[in-house]
Amino acid sequence: QVQLVESGGGSVQAGGSLRLSCAASGRAIESYGMGWFRQAPGKEREFVAALTWGGGTTWYTDSVKDRFTISRDDRKNTVYLQMNSLKPEDTAVYYCARASDGDRYNFYYTYRDANVYAYWGQGTQVTVSS
């Protein structure tokens with residue numbers, strides 16, 4: 001079983017930065033794609049960023065490109081989301097997730113789909129004030 005625990009959320013003013021961490025336990029994540037999603041009040045969960053095993057390929061939703069950076073440190077079994085130039089519309093609960101077992105190369109085509117991920121953290125709140 002895999003446990004994912006997010007941390008690093010908080011309240012910041014617009015233009016500020018936060019770094020989210022997602023620590024995995026129970027099983028190494030190095031062979032899996034990882035993703036970050038977020039859910040704002042009254043809205044559906046949406047894709048934010050993802051990266052492949054090894055971190056060689058990354059993807060971002062358009063609204064966070066050039067502001068957010070996803071990365072991983074497999075020695076620490078941890079994935080990060082560096083968030084800069086934060087905006088009020090970034091306010092949400094942020095979740096990290098690990099891709100499911102299976103044909104991992106499909107991840108290149110399915111990384112936006114929440115159903116591709118088998119394990120999820122409990123989420124961390126990010127609040128950006130104007």
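Each residue takes its place number in the sequence, starting with 1. Please read these numbers as outputs of a predicted model, since none were measured by experiment.
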Subject >> For Asn84, all residues meeting side chain to side chain donor-acceptor pair (under 3.5 Å), sequence neighbours excluded >> reply: Ser17, Gln82
Original post:
Residues two or more places apart in sequence or in another chain: which of them pass side chain to side chain donor-acceptor pair (under 3.5 Å) with Gln125?
Top reply: Thr127
**OP:** Mind jotting down which residue pairs meet the disulfide bond (SG atoms under 2.5 Å apart) criterion with at least one end in residues 1-31? Sequence neighbours excluded, please.
**Re:** Cys22-Cys96
**OP:** May I have all residue pairs that pass disulfide bond (SG atoms under 2.5 Å apart) and include part of residues 24-61, sequence neighbours excluded?
**Re:** none
Subject >> ring-ring contact (aromatic ring centres under 6.0 Å, His included) involving Tyr94 - partner list, sequence neighbours excluded >> reply: none
Original post:
Other hydrophobic cluster members with Tyr80, side-chain heavy atoms of Ile/Leu/Val/Met/Phe/Trp/Tyr under 4.5 Å, chained?
Top reply: none
Subject >> Shortest non-hydrogen separation from Leu4 to Gln122 and the atoms involved >> reply: O-OE1, 3.6 Å
Subject >> Any pair counted as salt bridge (charged side-chain N to carboxylate O under 4.0 Å, His left out), so long as it reaches residues 61-72, sequence neighbours left out >> reply: Asp62-Lys65, Arg67-Asp90, Arg72-Asp74
Original post:
Is it the case that one hydrophobic cluster holds both Met34 and Leu81, taking links as side-chain heavy atoms less than 4.5 Å apart, direct or via other members?
Top reply: yes
Per-pair distances, 0.1 Å, donor-acceptor, side chain in residues 8-15, under 3.5 Å, sequence neighbours excluded:
none

Could you list the donor-acceptor pairs under 3.5 angstrom formed between side-chain atoms of residues 24-33 and any protein atom two or more places apart in sequence or on another chain?
| from | atom 1 | to | atom 2 | distance (Å) |
| --- | --- | --- | --- | --- |
| Ser25 | OG | Gln3 | OE1 | 3.2 |
| Arg27 | NH2 | Tyr32 | OH | 2.9 |
| Tyr32 | OH | Asp101 | OD1 | 2.5 |

Kindly list each side-chain donor-acceptor pair under 3.5 angstrom involving residues 42-57, sequence neighbours excluded, with atom names and distances?
| from | atom 1 | to | atom 2 | distance (Å) |
| --- | --- | --- | --- | --- |
| Glu46 | OE2 | Arg38 | NE | 2.6 |
| Glu46 | OE2 | Arg38 | NH2 | 3.2 |
| Thr52 | OG1 | Gly56 | N | 3.4 |
| Thr52 | OG1 | Thr57 | N | 3.2 |

Subject >> Partner residues of Asp73 under the salt bridge (charged side-chain N to carboxylate O under 4.0 Å, His left out) criterion, sequence neighbours left out >> reply: Arg75
Validation: residues 110-119 side-chain donor-acceptor distances under 3.5 Å, sequence neighbours left out:
| from | atom 1 | to | atom 2 | distance (Å) |
| --- | --- | --- | --- | --- |
| Thr110 | OG1 | Asn106 | O | 2.9 |
| Asp113 | OD1 | Asn115 | N | 2.9 |
| Asp113 | OD1 | Asn115 | ND2 | 3.4 |
| Tyr117 | OH | Tyr111 | O | 2.7 |

